[in-house]
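The structure under discussion appears below in the form of structure tokens.
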Amino acid sequence: MTAPRPAAPAARPDRRAVLGLAVLALPTLLLSVDMSVLYLALPHLAADLDPTGPQLLWAVDAYGFMVAGFLVTMGTLGDRVGRRRLLLIGAAAFGAASAAAAFAPTVEFLIATRALMGVAGATLMPSTLGLIGGMFPDPRHRAAAIAVWSACFMGGTALGPVVGGVLLHWFWWGSVFLLGVPVMALLLVCGPLLLPEQRADHPGRLDLASVALSLAAVLPVVHGLKTLADGHAPAVPLLTAAAGLAAGALFVRRQLRLADPLLDLRLFRAPGFGAALAVMAGGALAMGGTFLLISQYFQLVAGYPPLTAGLWLLPPSLAMVAATLAAPPLAARVGRASVIGGGMFVTAAGFAVLALAPAQDGAPAVMAGLLLASVGLGPGAALVADIVVGSAPPERAGAAASLSETSGELGIALGIALIGSLSAAVYRAGVTVPEGVPEEAGSTLAQAVDVARSLPDATAAALLGPAREAFTDGLNLAGGAGAVGMALFGAAALVLLRTPAKPAGPDESAAPPGSVRVNEPAPDA
């Protein structure tokens, strides 16, 4: 009996694809920096533009709302009009809106430009991830490329607070927005030279009613969850989210009836596709809400200034980047399900450390817990994105990438709402406000710290001691809940994402004739 012939090693990706990946890393890095850099600029922005409380919240949230709302539309639009074309249009719009935001004369103008940045940003993430799927058809090369893409996104999150602190030390608040201008200019120059154009051969028409329903589904859900996390009465946010879910049901019903749907729901038939999206949302849920508490812990409990707090967050973020890059070779040895599920168990251990962190001198314990959680989640972020993109046919890669990003956005919003509301309730139940101190000090730790600045030292200490303990109790509870949740998601990943082994053959990576429906440029294009 003749032994099966081992598969021939895949050819190395060409230099143009590698350089193209470097180009795609630019907007990925920038978008993640932009998500975190604005938080440090808020006090300076508020002093200059004098916004009301709701206006300040909209200046922060308008970007995220628009990104979440337009991801599905832009991912599918890229499949139809060309992913490179949409990427370059979005880059030009993002650069222009960033420059306008930097010199915003009023808070209303800033909110409008932030919203435009969000719409433009929604074109970038699914386009970059969809292009990678076409540029690296070999599964091993694609997994490595997506790991680099994920590492850039996470690295930007790490760099955001540090870069923001440096810029704000030397320049005005608008300088944090000008980061996007040279990056997008470089993308506009290099993109046409190094990136292939990819689109579906028969894209069909764009259904505007489906676009409206997708916005009506995502935006109210995200808005309702964020409003709930801000401590508002639950009735209105829950009704808003319910209206979004109802619009989502209508959206799904319409997609099932259309010959050319905005979102092809047949993607969910691919093995592991839906499970991968659920795992991604679960990880984003746990990290989104807990990361918010940890950033507040370093500043409000440990008492570090913003730049120092950002430096404390740097080692866990860099460890996540390293773990992400190590994921593909590790998965090739032990399997993707084992790496993703095992990583979530490591993340559960990190959350367990957070559940035990003290209020007094607890910064090292908090960083250790975050370090473990980051190392555990890093590999999953890259491998899950690879599962999602690899499960879709090439002509639907943009739509699949948009679903991947949308699940992450919704997970983060839900995590902030659930974990933020839970920790806020624990804080309000545990804080003790001394007699004669304004009652708002019992609402949040940030308000307690603000009130304490105008109090005598003894009264401030009597307020801040219990307030910091109550806040840490909320963080501990979130850590315990996160440990249980991530252990459950890890077990689910081990079961649902495991794929049966296939015998290797010489044509294992060859696509069947006619399966690739993208337009590739000539080698010299």
Side-chain angles (χ1 to χ4, degrees), residues 6-25 28-29 32 125 128-158 270-273 275-277 279-280 283-284 317-347 373-392 394 397 400-401 404-405 408 489-490 493-494 496-502 504 508-511:
R12 297 178 62 182
D14 63 75
R15 185 175 64 176
R16 182 180 178 184
V18 174
L19 292 175
L21 177 62
V23 171
L24 294 177
T28 304
L29 186 68
S32 57
M125 297 302 287
T128 55
L129 192 53
L131 281 167
I132 288 173
M135 291 162 57
F136 297 89
D138 181 84
R140 286 164 288 185
H141 295 157
R142 185 185 65 236
I146 289 179
V148 172
W149 178 88
S150 299
C152 288
F153 187 82
M154 295 168 186
T157 303
F273 187 89
L277 291 178
V279 167
M280 177 173 288
S317 299
L318 295 179
M320 181 184 281
V321 170
T324 301
L325 294 174
L330 185 59
R333 290 178 175 270
V334 301
R336 293 186 298 194
S338 297
V339 175
I340 296 170
M344 289 193 165
F345 286 124
V346 174
T347 300
S374 300
V375 168
L377 278 180
L383 296 177
V384 165
D386 181 44
I387 291 173
V388 171
V389 174
S391 298
S404 172
E405 295 302 313
F489 272 106
L494 289 174
L496 298 176
L497 298 181
R498 190 173 300 280
T499 55
K502 295 185 294 184
E508 180 182 17
S509 63

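All residue numbers refer to positions in the sequence shown, counting from 1. Just so it is clear, the model here is predicted, and its values are computed rather than measured. Worth knowing before you read on, the calculation uses all heavy atoms, side chains too, and leaves out hydrogens, waters and symmetry mates.
Judged as a side-chain contact (heavy atoms from CB on, under 4.5 Å), and not counting sequence neighbours, Ala326 has no contacts. Val23 meets the side-chain contact (heavy atoms from CB on, under 4.5 Å) test with Leu187, Cys190, Leu194, Leu195; sequence neighbours excluded. In terms of the side chain to side chain donor-acceptor pair (under 3.5 Å) criterion, Thr324 has no residue partners (sequence neighbours excluded). Residues meeting the side-chain contact (heavy atoms from CB on, under 4.5 Å) test with Ala331, sequence neighbours left out: Arg336, Val339, Leu383.
Nearest heavy-atom pair, Pro328 versus Ala144, reported as atom, atom and distance to 0.1 Å: CG-CA, 3.9 Å. Here the shortest heavy-atom pairing between Ala147 and Leu325 reads O-CD2, 3.9 Å. Scanning both residues, Thr347 and Ala373, for their nearest heavy atoms gives OG1-O, 3.2 Å. Heavy-atom minimum distance, Ala319 versus Val375: CB-CG2, 3.7 Å.
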side-chain contact (heavy atoms from CB on, under 4.5 Å) assessment of Met135 paired with Leu24 | CA-CA 11 Å; Met135 291 162 57; Leu24 294 177; 3.9 Å; yes
Worked check of side-chain contact (heavy atoms from CB on, under 4.5 Å) between Leu494 and Phe489 = CA-CA 9 Å; Leu494 289 174; Phe489 272 106; over 6 Å; no
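Rounding to the nearest 0.5 Å gives a distance of 11.0 Å between CD1 of Ile340 and CG of Leu377.
Listed for the Ser374 side chain is no donor-acceptor partner under 3.5 Å among the backbone atoms of Met320.
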